[in-house]
Amino acid sequence: MYGARQDAGADQMSALIIGTLDLDGDCLYTTSEGIRYPVLFPYGTSWDATSSTVVLPDGSAIEVG
């Protein structure tokens, strides 16, 4: 996963994402009420292919499904 780097003190946007994290080929997306939505993760996020999880910069993990 790659993202745009934010400078310290820069304005940031955030949103609560409700849905299921899904993987289709090499693309991650969320599904809510049958609709797919793209997701942009913060800079420093990584992908753990062994466990199929997104690892956020703070170390928390989000599993596919």
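In this structure, Asp58 has no salt bridge (charged side-chain N to carboxylate O under 4.0 Å, His left out) partners at least two apart in sequence or on a different chain. Taking Thr50 as the reference, Asp48 meet the side chain to side chain contact (heavy atoms under 4.5 Å, CB included) condition, with sequence neighbours excluded.
Closest approach of Pro57 to Pro42, counting heavy atoms only: CD-CG, 4.2 Å. The two residues Thr53 and Ser51 have their closest heavy-atom pair at OG1-OG, 2.9 Å.
To the nearest 0.5 angstrom, Thr30 atom OG1 is 7.5 Å from Leu21 atom CG. In this structure, Leu23 CG and Trp47 CH2 are separated by 5.0 Å, a value rounded to the nearest 0.5 Å.
Residues Val64 and Ile62 fall within the same hydrophobic cluster, defined by Ile, Leu, Val, Met, Phe, Trp and Tyr side chains chained together at heavy-atom separations under 4.5 Å.
For the pair Leu28 and Val39, the minimum side-chain heavy-atom distance is 4.5 Å or more.
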